[in-house]
Amino acid sequence: MHYPATFKTDLIDWFKENQRQMPWRETTDPYKIWVSEVMLQQTQVDTVRDYYMRFIERFPTVKALAEAPEKEVLKYWEGLGYYSRARNFHTAAKEVVSNYKGTVPIDPIIFKTLKGVGPYTQAAVMSIAFNHPLPTVDGNVFRVWSRLNNDDTDIALQSTRKRYEHELLPYVETESGTFNQAMMELGALICTPKSPLCIFCPVQTHCESYELGTVLELPVKKKKIKKKVLHYNVYLIENENGAYLIEQRNEKLLNNMWQFPMVLEDENTTSLKSKFGPSLKISETKSGVIKHQFTHMTWVLNVYKASIASHDVNIQDTPTQWLGPNERHHYTFPVSMSKIYETFCKRNAQ
Ligand code: SF4
């Protein structure tokens, strides 16, 4: 659908007046904009703000990021989740340094060949930094555009995304970065999922669903297949010095991050005993349960306390370490393990 020219000017004028102050909106540096866009995927703006500031202070350029060890990059990402984003971004920074002399490619096609850059990141960084005519279609834009057009097709379909990108093209011929950010900001502040503030909406006169009274029925998103739920037992194995055993993961998910030993709930503890020795004593009472959601599955973690004599554990065996009091900051934990540490090992955190 083509709206009159006033649609775009109404939207952009509103954005210029009402946009939230964000540190990445005060720069035109494509690297910094890229950092913010990677962090903002799946994470709330308010959470990202502090992470962004710390990250930029430590890694102010692509080169600084490329030269840093992965362990340190993950440490600066700790708590944001979705660690593959950080790993891919780190790899992409190395590609930029080795193939493009440390300058973020200005050509969208080249930019998209970098590790972890999908259609959304390509459009966001290239439009905001260089005004390339590429529309960004994220959750906010899906909602705003489906409502403006009173469109009830399933937004989970790839064909809907393609169509929206196509329909938005005329609006990004000029000022694409501002238009894209204005659409996303409208979705975040006014055209919200449950209580849209239509009476304050700068494009209300262009909105079909407002006119037809169907705003709250849109967008339509068909339910995905149910997430897989995995139940694990996690063991806080403490030695006589008050240190806990931790292991480094060697799996695709959360690779190289540290965790307390865990086994699937229906496995028995024989494997743990053979791994950690005969003095391992596991409490029969569960200390608590922590749940963690990933995009594709849920972990339900039953936490048990346990004790062991330190001479029974061979920590030369590299993926295993003792986590002593005040040593938490040496290790990168996934969010679920941080929660367990904070909840059940609090006295060690002092
Ligand atoms: Fe969204 Fe309401 Fe504005 Fe339409 S009028 S775009 S539904 S906030």
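What you see below is based on every heavy atom in this structure, not just the backbone, and it leaves out hydrogens, waters and symmetry mates.
No donor-acceptor distance shorter than 3.5 angstrom exists from the side chain of His231 to the backbone of Asp266, with no hydrogens or angles considered. For Arg249 (side chain) and Met257 (main-chain N/O), no donor-acceptor pair under 3.5 Å exists by modelled atom type. Panel note: side chain Ser279, backbone Ala309; a donor-acceptor pair is recorded below 3.5 Å. Under a 3.5 Å cut-off, the side chain of Asn140 and the backbone N or O of Leu189 do not form any donor-acceptor pair. Formation of a donor-acceptor pair under 3.5 Å by the Arg85 side chain with backbone atoms of Val38 is found in this model. Checked by atom type and distance alone, the side chain of Arg143 pairs as donor or acceptor with a backbone atom of Cys191 at under 3.5 Å. Formation of a donor-acceptor pair under 3.5 Å by the Thr136 side chain with backbone atoms of Ala123 is not found in this model. Side-chain atoms of Asn239 do not come within 3.5 Å of backbone N or O of Ile308 as any donor-acceptor pair. Side-chain N or O atoms of Arg49 include none that pairs as donor or acceptor with a backbone N or O of Pro23 at under 3.5 Å. Looking only at distances, no side-chain donor or acceptor of Thr27 sits under 3.5 Å from a matching main-chain atom of Trp24.
Aromatic pair Phe7/Tyr171: ring centres closer than 6.0 Å. Aromatic rings from Phe344 and Tyr304 are positioned such that their centres are separated by 6.0 Å or more. Checked against the 6.0 Å centroid criterion, the rings of Phe55 and Trp77 qualify as a close aromatic pair.
The nearest pair of heavy atoms linking Ala86 to Leu74 is CB-CD2, 4.1 Å. Between Asn302 and Glu265 the shortest heavy-atom distance is ND2-OE2, 3.0 Å.
Counted within 6.0 Å of CD on Gln44, heavy atoms from surrounding residues, nucleotides or ligands total 12 or fewer; the atom is thus considered open. Counting non-hydrogen atoms of neighbouring residues, nucleotides and ligands closer than 6.0 angstrom, the NZ atom of Lys227 exceeds 12 such neighbours. Atom NZ of Lys339 sits in a crowded spot, with more than 12 heavy atoms from other residues, nucleotides or ligands closer than 6.0 Å.
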For this session: Decide yes or no on side chain to side chain donor-acceptor pair (under 3.5 Å) for Thr153 and Asp151, but give the supporting numbers first.
Result: CA-CA 6 Å; Thr153 43; Asp151 177 19; 2.9 Å; yes
For this session: Could you walk me through whether Thr298 and Gln293 pass the side chain to side chain donor-acceptor pair (under 3.5 Å) test, one step at a time?
Result: CA-CA 4 Å; Thr298 303; Gln293 307 280 350; 2.8 Å; yes
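Results of the ring-ring contact (aromatic ring centres under 6.0 Å, His included) test with Phe59 over Phe89, Tyr51, Tyr76, Tyr31 single out Tyr76 as the only residue that passes.
Linking Ile, Leu, Val, Met, Phe, Trp and Tyr residues whenever their side-chain heavy atoms come within less than 4.5 Å leaves Phe111 and Ile109 in two separate clusters.
Ring geometry, Phe294 versus His296: the interplanar angle falls from 30° to 60°, so the pair is classed tilted.
Using modelled atom types and a 3.5 Å distance limit, the side chains of Arg25 and Gln181 yield a donor-acceptor pair.
A salt bridge links Glu72 with Arg58: at least one charged nitrogen is closer than 4.0 Å to a carboxylate oxygen.
If you take OG1 on Thr332 and CD on Glu78, they are separated by 5.0 Å, rounding to the nearest 0.5 Å.
For the pair Arg328 and Phe333, the cation sits on the ring face: its NZ or CZ lies under 6.0 Å from the ring centre, inside 45° of the axis.
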